[in-house]
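Before any comments, here is the structure.
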Amino acid sequence: MQKELPKRFDHKKLEPLIYKEWEKSGYFNPDKLPARHKEPFCILMPPPNANDPLHIGHALFVSLEDTMTRYARMRGKKALWLPGMDHAGFETQIVYEKKLQKQGRSRLEMSREEFYKEVWDYTQKNRDTVRNQLKKLGSSCDWSRETFTLDAKIIKTVYKTFKDMHGAGLIYRDERLINYCVKHQTAFSELEIKHKEQDDTLYFIKYGPVEVATVRPETIFGDTAVAVNPNDKRYKKYIGKEIEADLIIEKRKLRVVADKEVDPKFGTGALKITPAHDAADYEMWLRHKKDIGAPIQTIGKDGRLNEKTGKYKGMKILEAREAVAYDLQKRGLLKKTEAYKHAVSVCYKCENTIEPMLMKQWFVDIKPLTSPAVDAVKKGKIKIMPPSQRKVYLHWMLNIKDWNISRQNWWGIEIPAWKCVSCTSTNENEKWIITDGEKPEKCPECENTKLERDPDVFDTWFSSGQWPFATLDWPKGKDFKTFYPTDIMETGYDILFFWVARQIMLGLYKTGKVPFKTVYLHGLVRDKDRQKMSKSKGNVIDPLGTVEEYGADALRMALIVGNSIGKDPVISEEKIRGYRNFSTKLWNVTRFLLLNSKDNKLPLSPEYDATDKKILAEFDKTAKKVTDFIEKYEYWNAAETAYHYAWHTFADKVLENSKSVITGENEKNKITRLSMLIHVWGQTLKILHPFAPFVTEELYGHLPLKNKKLLLVEEWPSGNAKKNK
RNA sequence: GGGCGCUUAGCUCAGUUGGCUAGAGCGACUCGUUUACACCGAGUAGGUCGGGGGUUCGAGCCCCUCAGCGCCCACCA
C-alpha cells in the first residue's frame with residue numbers, strides 16, 4: 001500500500017536517506033554489482049585539493065562524471081568511479097602558510113617535521129569535509145577505493161618511476177636558468193608562470209665605446225658580454241674584440257659577440273649579456289660559451305643583491321634598480337630613458353615577477369616521451385574532446401621543454417636522492433644515489449656513510465601524472481588488469497598540459513598503454529554575465545549552499561543542461577531554481593499517478609490500444625535520442641531531451657489527454673491506460689536518473705511496478721539506440 | 001609575435017556530414033483557482049543567424065574577406 005506523497009520533494013530530508021540506501025546496497029563498488037554487470041568501465045576522479053571545501057567547479061565535474069558513471073552502470077557495465085583527494089603540494093603549502101600567518105606564526109619558526117605533521121592533520125580534516133560534500137552532490141563513487149595522493153602505494157610508485165626514468169637517462173640533474181619566484185622561494189616549471197603586460201623604463205647606458213639598452217640596470221654586475229647583430233655595420237668593428245665598460249663598482253672587460261637573435265632596430269642594437277639573470281641572455285651564453293665568461297650570479301634566492309654587487313649588496317631588486325640608475329646618471333653613464341611596455345614572466349600564484357635563477361634541479365628529458373603521446377592521439381587511441389583542445393594538445397607537444405620537477409617546498413613527496421658528500425668535491429661532479437625511497441646505508445662507490453638527502457620535493461604534477469596506473473595498482477593489481485586503460489578522463493581544459501598530457505606521457509612510458517580512451521574537457525564555470533566567479537567579485541555560487549536550498553538534482557541539472565562542451569558553463573540562481581521546479585514537477589506527476597491508481601489493481605496484463613502504442617513509441621524515440629546523445633558525450637542535449645519529454649510531453653500532453661480516460665466509466669480502459677502510464681513513467685525516471693539521481697530514485701521507489709530494483713542498477717531503456725563503441 | 005576559438009530571440013545557449021515555416025530554457029506580455037503541480041497550465045510577442053562577397057537548385061551550416069570579442073602559448077633587451 002502506497003502512502004500518499006506530500007506535495008513536494010523534501011530534498012533536505014530525503015537526499016541523505018537516499019544516499020545512505022545507495023551506500024548500503026554496495027553497488028558503488030563494481031565488485032558488488034549484480035552479475036549482469038560484466039564489461040568494465042572506469043573513471044578516475046580528478047582528486048580535489050584537500051585544502052579547501054569544494055567550489056562550483058567541483059560540482060561541475062561531479063555532475064558530469066557521476067552522470068557518466070550512472071549511465072554506464074545502468075547500461076550494465078561494471079562501473080568504477082574511483083575517488084581521490086590531492087595533497088596538492090605547493091598549493092596546500094601556500095594555504096597553510098596563510099593560516100599560520102593569521103595566527104602570527106610562520107613556517108620558518110618550525111621544524112620541517114612539525115610543519116609537515118600540521119599540514120598532514122589539516123588535509124586529513126579537509127578530506128572528511130570534501131568526502132561529505134561529494135556525497136551530498138550524489139557522487140556514486142566507490143569509497144572503499146578512495147585514494148590520497150600521499151598514500152604509501154602512490155609514493156612507492158612515484159619513487160619507482162623516478163628511479164627507472166633516472167636509470168633510463170630520462171631524468172637528469174643539471175644547473176640551468178630556471179623560473180624562480182622570490183616570494184615563494186621555489187622553482188617552477190614553464191607551466192606555473194604567466195605573462196603579464198607591464199610598463200617599464202628602458203635605460204640607455206654608456207657601455208665603453210658603445211651604448212646598450214636594458215630594463216634591468218641592477219643586473220649590470222652580472223654582465224659577461226655584449227651581443228650585436230652580425231650584420232650591424234655600426235658594431236662590426238667590435239665583434240670578437242673586448243671592450244671595457246664602467247660598471248660602477250668596477251671596470252670590466254667584456255667580449256663583443258655576434259648573434260643573429262639581436263634585433264638591430266631595438267634599443268641601440270647592442271645588448272648586454274647577463275646570463276645568470278635573463279633567459280634570453282642565458283640562451284645567448286649557451287651559444288657563445290667558449291668566447292665569453294661564465295654566468296655571474298648577483299641576485300640571491302631572497303631576491304636581494306648579493307656580495308658581488310659591492311655597496312648594493314642587500315638591496316631588493318627594485319630598490320637596486322633605482323639606486324643603480326641614479327648612480328649611473330651621476331657618472332654620466334645614463335644617456336636617456338624611454339617608457340617601455342612589454343610582457344614579463346610572473347608567478348601564477350602571487351603575480352610577482354619571476355626571477356630567472358641558476359640552480360641545480362632534476363629535469364625530465366621530455367622529448368622521448370612526446371612521440372608516443374602524440375601518436376596515441378593522432379591514431380585515435382585517445383580521443384580528446386572538444387576537438388579544438390586536441391589541436392592545442394598537439395601544438396603544445398611540439399613545443400615542449402624539459403620539465404623541472406624539483407620544488408623547494410616542504411609539503412610534498414620528497415625526492416629519493418642522496419648526495420655522497422665525499423664523492424662530491426665540486427659543483428660539477430655531484431654524486432647522487434637514487435633509491436626506492438629508503439635512505440641508502442652508504443655510497444656504493446666510496447662506501448662513505450655521509451649522505452645528504454636532496455631537500456626538495458617533487459612537482460605535484462609529477463606524481464599526479466602517474467595517477468591512473470598508481471591508483472589501480474600497477475603492474476600486478478587486479479584493478480589494473482580490469483580497469484586500465486580507463487574509459488574517460490573528465491577534467492577542466494585548464495589542466496590539459498599540467499595533468500592530462502603528463503598522464504598520457506607517463507602512462508604510456510610506464511605501462512605501454514594509454515591511461516584513458518577519451519578525454520572530456522569541461523570549461524570554467526561563469527556567472528550569468530559570463531564573469532569568472534571569484535570571492536572578491538562576490539559572484540560565487542556555493543555548491544553546498546545551493547544543495548541545501550534547492551537540492552543536488554537541481555544544481556546538477558543546471559550545470560549540465562545548456563552547457564555544451566568547449567564553452568565555459570554559465571550558471572545562475574534563476575537557472576537552478578528552474579530545475580528545482582522540475583523536481584517538483586516530477587514529484588507531482590508521480591503523485592497524480594499514485595492518487596489515481598491506489599484503488600486499482602495494477603499492473604494488468606496490457607492490451608494496449610492505438611493511443612497507448614503511440615505513447616509507447618514516442619517514449620522509445622525519446623529514449624533512443626537520449627541514449628544517442630550520451631553515446632556522443634552530448635550530455636547537455638541528452639539531459640534537455642529527457643527533461644523536455646518528462647515535462648512537456650508526458651506531463652503536459654500525455655497525462656492531460658489521459659485524464660478523460662482515467663476519469664471515464666470504462667474500467668478496463670482506465671486500468672490499461674494507467675498501467676501503461678506508470679510503465680512509461682518508470683522508464684522516464686530511468687533516463688533522467690543519471691542527471692537527477694535523488695528525486696528519480698525516490699519516486700521510482702513509490703511506483704507500483706513488479707521486480708523493481710534500486711533505480712541505480714535498473715536497466716537502461718536503450719530504445720533502438722546504437723550500442724556503445 | 002604564434003596558435004585556437006567565438007559572434008543565432010532581451011539574456012544564456014542548441015542547431016554534428018548544406019534541405020526548416022531557425023529551436024530550448026530563462027525573461028516579457030495576455031488569459032486561466034479543470035481530480036497532480038502557481039516551484040502550475042493555455043497562449044502571444046520577439047531573430048535581415050556580426051558585416052560584405054562567393055560556391056550551390058538550395059547556406060546559420062562550405063569558401064574568401066572585413067569587424068568585434070575571448071582564450072592559450074611565447075627569452076626581443
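Convention: sequence-line order gives letters A, B, ...; per-chain numbering from 1.
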Using a 4.0 Å heavy-atom cut-off, does A:Ala651 contact any base of the nucleic acid, only the sugar-phosphate backbone, or nothing at all? base
Is A:Arg591 touching bases, backbone alone, or none of the nucleic acid, heavy atoms closer than 4.0 Å? sugar-phosphate
Would you classify A:Val215 as touching base, sugar-phosphate or nothing, given that sugar-phosphate means primed atoms plus P, OP1 and OP2, and contacts are heavy atoms under 4.0 Å? sugar-phosphate
Salt-bridge present (A:Lys632, A:Asp628; N to O < 4.0 Å): no
Is A:Tyr393 touching bases, backbone alone, or none of the nucleic acid, heavy atoms closer than 4.0 Å? nothing
Please give the distance between the C1' atoms of B:G60 and B:G19 as a whole number of Å. 13 Å
Per atom distances to the A:Lys391 side chain, the nearest of B:A14, B:G5, B:C13 is B:G5
I want to check one thing: is the phosphate of B:G70, taken as OP1 and OP2, less than 4.0 Å away from some side-chain N or O of A:Lys567? no
For A:Tyr493, which contact category applies under a 4.0 Å heavy-atom criterion: base, sugar-phosphate, or nothing? nothing
Looking at A:Phe363, is A:Arg176 sitting on its ring face, NZ or CZ under 6.0 Å from the six-membered ring centre and within 45 degrees of the normal? yes
Face-on cation placement of A:Lys194 at A:Tyr348 ring, 6.0 Å and 45° thresholds: no
Base, sugar-phosphate, or nothing: which does A:Lys7 touch, judged by heavy atoms less than 4.0 Å apart? sugar-phosphate
Just call it for A:Val561: base, sugar-phosphate, or nothing, with non-hydrogen atoms closer than 4.0 Å on any strand. nothing
Using only atom types and a distance under 3.5 Å, with no angle test, would you say the side chain of A:Arg390 pairs donor to acceptor with the backbone of A:Lys383? no
Could you run through nucleotides 18-31 of chain B and give me one letter per nucleotide, 5' to 3': B if any protein heavy atom sits under 4.0 Å from the base, S if only the sugar-phosphate is that close, - if neither? ------SS------
Mind jotting down which residue pairs meet the side chain to side chain donor-acceptor pair (under 3.5 Å) criterion with at least one end in residues 551-565 of chain A? Sequence neighbours excluded, please. A:Asp66-A:Arg556
Base, sugar-phosphate, or nothing for A:Lys401, non-hydrogen atoms under 4.0 angstrom? sugar-phosphate
OP1, OP2 of B:G41 versus side-chain N and O of A:Lys585: anything below 4.0 Å? yes
Within 45° of the axis and under 6.0 Å from the centre of the six-membered ring of A:Tyr645, does NZ or CZ of A:Lys625 qualify? no
What do the steps show when you test A:Ile565 against A:Tyr633 for side-chain contact (heavy atoms from CB on, under 4.5 Å), and what is the final call? CA-CA 9 Å; A:Ile565 190 170; A:Tyr633 307 98; over 6 Å; no
Given pairs defined as Watson-Crick or G-U wobble with both distances under 3.5 Å, what dot-bracket annotation applies to RNA chain B, with ( ) intrastrand, [ ] crossing, | other strand and . unpaired? (((((((..((((.....[...)))).(((((.......))))).....(((((..]....))))))))))))....
Contact between A:Tyr579 and A:Ile560 at the side-chain level, heavy atoms closer than 4.5 Å - yes or no? no
Given 3.5 Å as the limit, does a donor-acceptor pair link the side chain of A:Thr67 with the main chain of A:Pro690, or not? yes
Within the 4.0 Å heavy-atom criterion, would you say A:Asp652 contacts the bases, only the backbone, or no part of the nucleic acid? sugar-phosphate
Once you apply a heavy-atom cut-off of 4.0 Å, does A:Asn637 come out as touching a base, just sugar-phosphate, or nothing? sugar-phosphate
The nucleotide from B:C39, B:A14, B:C75 with an atom nearest the side chain of A:Ala279 is B:C75
Quick note, A:Ala343 side chain, CB onward, closest among B:A14, B:U35, B:A74 is B:A74
According to a strict under-4.0 Å criterion, is A:Asn581 in side-chain N/O contact with OP1 or OP2 of B:C40? yes
Could you go through the side-chain contact (heavy atoms from CB on, under 4.5 Å) check for A:Ile678 and A:Ser597 one step at a time? CA-CA 9 Å; A:Ile678 286 168; A:Ser597 57; 3.9 Å; yes
Just N and O in the side chain of A:Arg8: are any of them under 4.0 Å from OP1 or OP2 of B:C39? yes
Under 4.0 Å between any heavy atoms, over every strand shown, what does A:Glu634 touch: base, sugar-phosphate, or nothing? Just pick one. base
Does A:Lys194 get its side chain close enough to the base of B:A74, under 3.5 Å, for a donor-acceptor pair? no
With side chains defined as the heavy atoms from C-beta onward, is the minimum distance between A:Trp403 and A:Glu190 less than 4.5 Å? no
So, does A:His395 get its side chain near the phosphate of B:G3, meaning an N or O under 4.0 Å from OP1 or OP2? no
Under 4.0 Å, counting only non-hydrogen atoms across every strand here, what does A:Phe582 touch: a base, just sugar-phosphate, or nothing? nothing
